[in-house]
Structure formats: structure tokens, C-alpha cells
Enquirer: 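For reference, the structure I am asking about is given below.
The figures here come from the full heavy-atom set of this structure, side chains too, leaving out hydrogens, waters and symmetry mates.
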Amino acid sequence: MKLDGKVAVVTGATSGIGRCTAELMVQEGACVVLCGRRSDLGHEIAKQLGENAVFAQTDIMHEAHIKSAIELAKSHFGRLDIVFNNAGGPAPPGEIATIDASAFDDAVSLLLKSVFLGIKHAAPILQAQGSGAIISNASVAAHLGGYATSHLYSALKAAVVQLSKSVALELAEDNVRVNTVSPGAIATGIFARGAGLASEQADATARKMQSALKNAQPIPRAGVPNDVAKAVVFLASDDAGFITGRDLVIDGGAIAGRSFSKVQAQREAMNQLF
């Protein structure tokens, strides 16, 4: 019961990492406001989780929706302790010269502005009570080039990390912690959404992606949403009470460096030259 008595808001809670995190938070004793665009699915998930969960139909592209979801936590459950800015999606891929300026603006709203708004509206509540945790979902693509098919995705996820670090220094003075998580190859529907599939179809591809991504990192399996959810719960809990302004990479070793076995194979091949 790491989150016993705490109240959380989770965006993008109807699938993938967001849904898994919301479910784990409830298991760990929290009350959770689940945010997402798909109303029927959101209400069904909340019903399954019981009285400690409520759904708020939320489009993170609209400030009023985010503000309303955060206010719902206080009005329905009496307080707010945790915000997980998780919702996002793919950004335009391709060569830089081919990206339309309007697509850039949309990507900023989806991946960066939504996080800014979540922090903006949660901060005064958490500062007033002198405690709380804000966690935002970034990516390994924030750290190194070549880990996303989109220049914009990499740039905006890096901005999420830096925004969080900067804000962490302000809110720390009120005992409010701000951190990020950077997932690697996690088997969710985001890859299929990037290929143009609708959300319902994309969600069904998660199991297929486990096989496709099993060799994408030194640990020989794909990441799964629960790998990220456990890290988020840790950062939201009192166990992480002295951690702020940090980014926790969850990638099976993908950006730690070159694969050991591949380096050894290259060394052997080089030795054959002599």
C-alpha cells in the first residue's frame, strides 16, 4: 500500500502505460481520476477498479479539460497528491524539410504544452498543502538521437525533461517533487498509432509488439507497461520523498551503451584481420 490515502490524476489512462499505472495506483491504495478521450472505455475501467476510481473525459489539447480533471480530484476525493502527465502520442516523422509548420504546432500542444498545463494547474494545490508529486512521461528519445522516427518527438520529450527539472527547483521549496520517467521500447499501441491505426486497433497490437521489440535492448525482452507503472508509483510514493528534478530511464539498458555481445563479435572479427 505505497500510496495509501493519496489521490492521483492520470492522463491517458484508458490504454497502455496510463491504464496500467492507474490500476497499480489503486492496488497500492490510491484514489485515482482516470483521464482519457474514450468515454465508454474510461467509465468501464473506472467501474472495474471500484469506488476508488472515477473517469473524467479529457482531451489534453484543451486547457479547460486538464484543469477540470485536476479540480475533480479535490471535489470528488477531497485532495490531490499525485499527477502523472502520461498522455501523448506520435509526432510527424520524416525529413525536417518535409514537416509542415502546423504539424509542429500540433506536436508541441500534444507532447509539451499538455505537460506544462498539468504542472501549472496541479502546482498551486500541491504547494498550498505542502506536499505532492508530479511525474511526466518522457522518453529515451529525449536523451539520444536515433531513438524516434520523429525529430519533433525527440525534441519535445527532451523539453519535457528540462521543463520538469526547472520547475522542480521552484516547487521543492514547498516540498512538492517533480520528476520524469523515460521509457524505452515498451510494447504498447503507440507504434501502431504512429502508423495510422485508430486507438482501438492500435491497442490490440501490444502483444505483437512484445515479440517485435524483444531484441531492442540488452535485456532480451520488450518492456511492458507495468515496468513503467512500478517506477511511477515509486516516484509518487513517500519512498522517493528526497528525489526531485530527476529523470528515471526505464529501457532495459538500451541507451547505456553498446551491446556487450556485439562489441565482442566485432572484436573477434577485427582479430581475424590480423
Enquirer: Give the intermediate values and the outcome of side chain to side chain contact (heavy atoms under 4.5 Å, CB included) for residues V32 and L49.
Expert: CA-CA 9 Å; V32 181; L49 292 177; over 6 Å; no
Enquirer: Taking L24 as the starting point, is it possible to reach I250 by hopping between hydrophobic residues whose side chains are less than 4.5 Å apart?
Expert: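 In one cluster: yes.
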Enquirer: Should F116 and Y153 be counted in the same cluster of Ile, Leu, Val, Met, Phe, Trp and Tyr side chains packed under 4.5 Å apart?
Expert: yes
Enquirer: Could you walk me through whether S39 and H43 pass the side chain to side chain contact (heavy atoms under 4.5 Å, CB included) check?
Expert: CA-CA 6 Å; S39 180; H43 284 295; 3.3 Å; yes
Enquirer: Looking at every heavy atom in both V9 and A73, which two are closest together, and how far apart are they?
Expert: CG2-CB, 3.8 Å
Enquirer: If only atom types and distance count, is the side chain of N226 paired as donor or acceptor with the main-chain N or O of K230 below 3.5 Å?
Expert: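 A pair under 3.5 Å: no.
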Enquirer: Which heavy atom of P183 sits nearest to which heavy atom of V181, and what is that distance?
Expert: CD-O, 3.4 Å
Enquirer: Tell me, yes or no, whether the heavy-atom count around Q264 atom CD, taken from other residues, nucleotides or ligands under 6.0 Å, exceeds 12.
Expert: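 For Q264, atom CD is crowded (more than 12 foreign heavy atoms under 6.0 Å).
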Enquirer: With heavy-atom distances below 4.5 Å as the criterion, would you say the side chains of Q162 and K165 are in contact?
Expert: yes
Enquirer: Report yes if some heavy atom in the side chain of R221 is under 4.5 Å from a heavy atom in the side chain of D227; otherwise report no.
Expert: yes
Enquirer: For R79, does the CZ atom have more than 12 heavy-atom neighbours from other residues, nucleotides or ligands under 6.0 Å away?
Expert: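 Yes - once you tally the heavy atoms of other residues, nucleotides and ligands closer than 6.0 Å, there are more than 12.
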Enquirer: With no hydrogens and no angle check, is any side-chain donor or acceptor of Q57 less than 3.5 Å from a backbone partner on R37?
Expert: yes
Enquirer: Taking the side chain as every heavy atom from C-beta outward, state whether V249 and D247 have any pair of such atoms under 4.5 Å apart.
Expert: yes
Enquirer: So, do L111 and K157 sit near enough that their side-chain heavy atoms are less than 4.5 Å apart?
Expert: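 Sidechains of K157 and L111: in contact.
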Enquirer: Could you tell me whether the side chains of H121 and E63 share a donor-acceptor contact shorter than 3.5 Å?
Expert: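 A pair is found: one side chain offers a donor N or O, the other an acceptor, under 3.5 Å apart.
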Enquirer: Could you check if a side-chain atom of C20 sits within less than 4.5 angstrom of a side-chain atom of V228, using non-hydrogen atoms only?
Expert: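 No - every pair of side-chain heavy atoms lies 4.5 Å or more apart.
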Enquirer: Within the side chain of S114, is there an N or O that forms a donor-acceptor pair under 3.5 Å with the backbone of L110?
Expert: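 At least one qualifying donor-acceptor pair exists.
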Enquirer: To the closest 0.5 Å, what do you measure between CG (D251) and OG (S182)?
Expert: 8.5 Å
Enquirer: Under the side chain to side chain contact (heavy atoms under 4.5 Å, CB included) criterion, do T58 and T11 qualify, and how do the steps go?
Expert: CA-CA 8 Å; T58 306; T11 67; 5.5 Å; no
Enquirer: For the side chain of D174 and the backbone of L171, is there at least one donor-acceptor N/O pair under 3.5 Å apart?
Expert: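 Checking the backbone N and O of L171 against the side chain of D174, no donor-acceptor pair under 3.5 Å is found.
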Enquirer: Of all the heavy-atom pairs spanning S237 and R177, show the shortest one and how long it is.
Expert: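 The pair with the smallest heavy-atom distance is O-NH2, 3.2 Å.
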Enquirer: Please report the interatomic distance CG(L112) to CG(L117), rounded to the nearest 0.5 Å.
Expert: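 Rounded to the nearest 0.5 Å, the CG-CG separation comes to 9.5 Å.
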Enquirer: Near E95 CD, under 6.0 Å, is it more than 12 heavy atoms from other residues, nucleotides or ligands?
Expert: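 Counting other residues, nucleotides and ligands, CD of E95 stays at 12 neighbours or fewer.
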Enquirer: If only atom types and distance count, is the side chain of E51 paired as donor or acceptor with the main-chain N or O of K47 below 3.5 Å?
Expert: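 No, because the side chain of E51 does not come within donor-acceptor range (under 3.5 Å) of the backbone of K47.
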Enquirer: Using only atom types and a distance under 3.5 Å, with no angle test, would you say the side chain of Y147 pairs donor to acceptor with the backbone of S139?
Expert: no
Enquirer: Determine, for K6 against D238, whether the closest basic-nitrogen to carboxylate-oxygen distance falls under 4.0 angstrom.
Expert: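 D238 and K6: salt-bridged.
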Enquirer: Keeping the roles fixed (side chain from Q129, backbone from L80), state whether a donor-acceptor pair exists under 3.5 Å.
Expert: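 Here the side-chain-to-backbone pair exists.
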Enquirer: Does any non-hydrogen side-chain atom of V10 lie less than 4.5 Å from one of L34?
Expert: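 Sidechains of V10 and L34: no contact.
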Enquirer: Measure across T21 and V232 and return the closest heavy-atom pair with its distance rounded to 0.1 Å.
Expert: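 Between these two residues, the closest heavy atoms are CG2-CG1, 3.8 Å.
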Enquirer: Are there more than 12 heavy atoms of other residues, nucleotides or ligands under 6.0 Å from atom CD1 of I219?
Expert: no
Enquirer: Under 3.5 Å, is there a donor-acceptor pair between the side chain of Q217 and the main chain of G253?
Expert: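 No, because the side chain of Q217 does not come within donor-acceptor range (under 3.5 Å) of the backbone of G253.
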Enquirer: Give a yes or no on whether the backbone of D59 and the side-chain of H65 come within a donor-acceptor separation of less than 3.5 Å.
Expert: yes
Enquirer: If you group Ile, Leu, Val, Met, Phe, Trp and Tyr by side-chain heavy-atom gaps below 4.5 Å, do L156 and I96 land in one group?
Expert: yes
Enquirer: Please determine whether the number of non-hydrogen atoms from other residues, nucleotides or ligands lying under 6.0 Å from atom CD of Q48 exceeds 12.
Expert: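 Count over threshold, so yes.
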Enquirer: Which atoms form the tightest heavy-atom contact between M25 and V233, and what is the distance?
Expert: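 It is CG-CG2, 4.0 Å.
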Enquirer: Got V33 and F77 here, is their nearest side-chain heavy-atom distance under 4.5 Å?
Expert: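 Side-chain contact under 4.5 Å: yes.
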Enquirer: Linking I/L/V/M/F/W/Y whenever their side-chain heavy atoms sit closer than 4.5 Å, directly or via other members, would I82 and L248 fall into one cluster?
Expert: yes
Enquirer: Decide if atom CE of M270 counts as having more than 12 heavy atoms of other residues, nucleotides or ligands within a radius under 6.0 Å.
Expert: no
Enquirer: Do any N or O atoms from the side chain of S166 and from the backbone of L163 form a donor-acceptor pair under 3.5 angstrom?
Expert: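 Not at all, since once roles are kept as given, no pair shorter than 3.5 Å links the two residues.
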Enquirer: Can R38 and D40 be counted as an ion pair, charged N to O under 4.0 angstrom?
Expert: no
Enquirer: What is the distance from atom CD1 of I119 to atom OG of S164, rounded to the nearest 0.5 Å?
Expert: 4.5 Å
Enquirer: Give, for atom CD1 of I99 and atom CZ of F104, the distance between the pair rounded to the nearest 0.5 Å.
Expert: 9.5 Å
Enquirer: With rounding to the nearest 0.5 angstrom, report the OG1 to CG distance, T244 to L169.
Expert: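 CG of L169 is found 7.5 Å from OG1 of T244.
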Enquirer: In this structure, would I255 and V161 fall into the same cluster of hydrophobic residues linked by side-chain contacts under 4.5 Å?
Expert: no
Enquirer: For V160 versus S136, what's the shortest heavy-atom pair and its separation?
Expert: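 Result for this residue pair: CG1-CB, 3.9 Å.
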Enquirer: Rounded to the nearest 0.5 Å, how far apart are CG of N137 and CG of N86?
Expert: 5.0 Å
Enquirer: Kindly determine whether F55 and C35 satisfy side chain to side chain contact (heavy atoms under 4.5 Å, CB included), including the steps that lead there.
Expert: CA-CA 6 Å; F55 176 71; C35 304; 5.9 Å; no
Enquirer: Give a yes or no on this: more than 12 heavy atoms of other residues, nucleotides or ligands lie within 6.0 Å of atom CG of N271.
Expert: yes
Enquirer: Should I243 and N179 count as side-chain neighbours, where that means a heavy-atom distance under 4.5 Å?
Expert: yes
